[in-house]
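Working notes for the structure below.
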Amino acid sequence: MTEKIRLEAVTKLFNTRGTTTVALKPVDLSVRDNEFVALVGPSGCGKSTILNMVAGLMPASGGRVLYDGAPVAGANRRVGYMTQKDTLLPWRSTADNIRLALELKCRRTAKSEADDRVAQMIDLVGLKGFEKHFPAELSGGMRKRAALARTLIYEPETLLMDEPFGALDAQLKLVMLDQLQRLTQDRRMTVLFVTHDLAEAITLADRIVIFSGRPGRIRSIHDIALPRPRDVYKARFDPDFAHLHATLWDEMKDDVIAAGARA
Ligand SMILES: Nc1ncnc2c1ncn2[C@@H]1O[C@H](COP(=O)(O)OP(=O)(O)OP(=O)(O)O)[C@@H](O)[C@H]1O
Ligand SMILES: [Mg+2]
């Protein structure tokens with residue numbers, strides 16, 4: 001399998017009002033084509049920063065970020081990025097927010113074709129009936145789903161997702177995990193997925209990268225060899241799943257507790 005994303009000794013410093021924050025110590029990570037990699041770790045360990053650098057929204061302070069073997073320089077148009085904070089435009093309806101990606105990416109999409117794709121996406125994320133609502137008229141979970149539809153509509157080859165399902169209720173989350181698994185497998189997408197939810201990471205990922213607290217560095221990387229397709233509803237009752245969950249939690253709990261104490 002070929003390599004899609006590569007981080008080589010990537011570091012990140014932020015200078016804000018005279019203070020320097022070391023967000024990331026040297027990070028080395030390689031993500032293969034069609035691989036699903038989850039990043040987990042305590043708040044502030046640099047997970048969103050890594051996605052921002054892969055998306056080309058900010059440069060690394062040291063080291064290199066490569067996509068398909070070439071350094072990322074400027075906005076990386078091969079990736080779809082669902083950011084941690086949703087960026088729906090308040091003056092556009094749900095349907096028009098989702099359509100925006102098509103307008104920006106492929107201006108020549110015919111109106112009727114665009115209408116069909118928007119309708120399909122609305123259906124996929126379960127927002128039928130809310131097409132004309134504005135973002136302020138949606139719940140937190142609905143906004144997340146609208147942002148997901150907007151990211152998926154132009155079928156990027158790689159998805160960067162930053163806690164996409166955090167605001168969803170537990171049952172709806174399972175439905176969305178199931179859809180995401182299907183979609184990314186069918187379309188052979190590469191996914192870099194940030195989550196605080198270990199069970200969600202084990203359900204979806206081929207590999208889980210555990211970060212230690214700030215300044216972030218990779219503590220360990222774990223292969224998740226559970227067979228696919230995974231039943232997102234039943235997976236967590238499998239003894240192998242429970243064993244993985246216990247092992248990974250042991251690995252990360254001290255950092256999570258320390259980050260909680262700092263906060
Ligand atoms: N644009 C920025 N300017 C200054 N500091 C920043 C910026 N973005 C991130 N940081 C700092 O870098 C560190 C890592 O932030 P980041 O958002 O990557 O963490 P995270 O792992 O995504 O955390 P969370 O789980 O809370 O989302 C934090 O200390 C944060 O304050
Ligand atoms: Mg973050």
Side-chain angles (χ1 to χ4, degrees), residues 5-29 31 36-65 67 72-76 79-88 140-141 143-144 147-148 151 158-168 173 176-177 180 191-205 207-222 248-249 251-263:
I5 301 167
R6 183 181 187 84
L7 273 65
E8 278 178 5
V10 169
T11 59
K12 185 70 190 174
L13 308 175
F14 289 105
N15 293 308
T16 336
R17 291 178 291 278
T19 3
T20 302
T21 307
V22 183
L24 286 171
K25 283 197 170 173
V27 169
D28 289 286
L29 179 67
V31 179
F36 197 121
V37 173
L39 309 181
V40 299
S43 181
C45 73
K47 304 178 296 294
S48 299
T49 301
I50 288 178
L51 296 196
N52 286 336
M53 292 190 291
V54 174
L57 302 181
M58 54 172 66
S61 305
R64 299 201 300 168
V65 180
Y67 188 88
V72 174
N76 181 353
V79 305
Y81 186 10
M82 193 175 159
T83 51
Q84 188 166 7
K85 214 166 137 195
D86 80 59
T87 49
L88 297 175
R143 291 171 64 105
K144 283 279 183 192
L148 176 63
T151 308
T158 294
L159 274 181
L160 308 177
M161 307 181 89
D162 201 343
E163 300 186 42
F165 305 134
L168 301 187
K173 193 192 255 197
M176 297 300 294
L177 293 186
L180 182 66
V191 189
L192 200 50
F193 185 95
V194 171
T195 179
H196 280 119
D197 181 341
L198 206 45
E200 184 175 288
I202 298 170
T203 304
L204 292 175
R207 279 190 302 153
I208 296 181
V209 181
I210 296 186
F211 283 80
S212 65
R214 188 160 52 82
R217 58 172 186 83
I218 294 178
R219 179 186 271 282
S220 53
I221 301 183
H222 304 260
L248 296 180
W249 173 243
E251 183 81 16
M252 61 189 286
K253 70 172 185 253
D254 290 345
D255 279 333
V256 173
I257 292 165
R262 269 206 305 271

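First listed ligand is number 1; within each ligand, the first listed atom is number 1. These numbers were taken from a predicted model, which means no experiment stands behind them. Just so you know, residue 1 is the first one in the sequence shown, and it goes up from there.
- Close N/O approach between A23 and ligand 1 is not found [any backbone or side-chain N/O within under 3.5 Å].
- Under a 4.0 Å heavy-atom criterion, K12 is not in contact with ligand 1.
- Listed by number with element, the atoms of ligand 1 under 4.0 angstrom from any heavy atom of T16 are 4 (C).
- When side chains are defined from C-beta on, D255 does not count as touching F211, because their heavy atoms never get closer than 4.5 Å.
- Closest approach of M82 to K144, counting heavy atoms only: CE-O, 3.2 Å.
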TODO: Check the pair L29 / L39 against side chain to side chain contact (heavy atoms under 4.5 Å, CB included), numbers first and verdict last.
DONE: CA-CA 11 Å; L29 179 67; L39 309 181; 4.2 Å; yes
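- Against a heavy-atom cut-off of under 4.0 Å, E163 is close to the following atoms of ligand 1: 25 (O), 27 (O).
- Contacts between T49 and ligand 1 below 4.0 angstrom, taking non-hydrogen atoms only, involve backbone and side chain alike.
- Residue side and main chain included, Q84 places an N/O/S atom under 2.8 Å of the Mg ion (ligand 2).
- Considering both main-chain and side-chain atoms, Q84 comes within under 3.5 Å of ligand 1 through a nitrogen or oxygen pair.
- Here the side chain of N52 pairs no donor or acceptor atom with the backbone of L57 at under 3.5 angstrom.
- Ligand 1 places these atoms under 4.0 Å from at least one heavy atom of C45: 19 (O), 21 (O).
- For atom 30 (C) of ligand 1, the nearest protein heavy atom is 4.0 Å or more away.
- Atom 22 (O) of ligand 1 has its closest protein heavy atom at S48 OG, 2.8 Å.
- Taking each heavy atom of R214 and V22 in turn, the nearest pair found is CG-O, 3.8 Å.
- A distance-only check finds a donor-acceptor pair linking the side chain of K12 to the backbone of P59 [under 3.5 Å].
- Annotation: atom 25 (O) of ligand 1 to nearest protein heavy atom, K47 NZ, 2.8 Å.
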Task: Audit row: T83, D162, side-chain hydrogen bond (donor to acceptor under 3.5 Å, both in side chains) steps and yes/no - done: CA-CA 5 Å; T83 51; D162 201 343; over 6 Å; no
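- The shortest heavy-atom contact between K47 and G41 is NZ-O, 3.1 Å.
- Remark: side-chain polar atoms of T195 are not paired, donor with acceptor, to backbone N or O of A201 under 3.5 angstrom.
- Polar contact check, G44 against ligand 1: a nitrogen or oxygen pair lies under 3.5 Å apart.
- Scanning all protein heavy atoms for the shortest distance to atom 1 (N) of ligand 1 gives F14 CE2, 3.8 Å.
- Among all non-hydrogen protein atoms, the one lying nearest atom 26 (O) of ligand 1 is S43 OG, 2.6 Å.
- Within the listing of ligand 1, atoms 29 (O) sit less than 4.0 angstrom from a heavy atom of T21.
- Scanning both residues, V31 and R207, for their nearest heavy atoms gives CA-NH2, 4.1 Å.
- Within the coordination shell of the Mg ion (ligand 2), defined by N, O or S atoms under 2.8 Å, S43 is absent.
- Shown here for E163 and Q84, the closest heavy-atom pair between the two residues is OE2-NE2, 3.2 Å.
- Near H196, meaning under 4.0 Å from one of its heavy atoms, ligand 1 places the atoms 25 (O).
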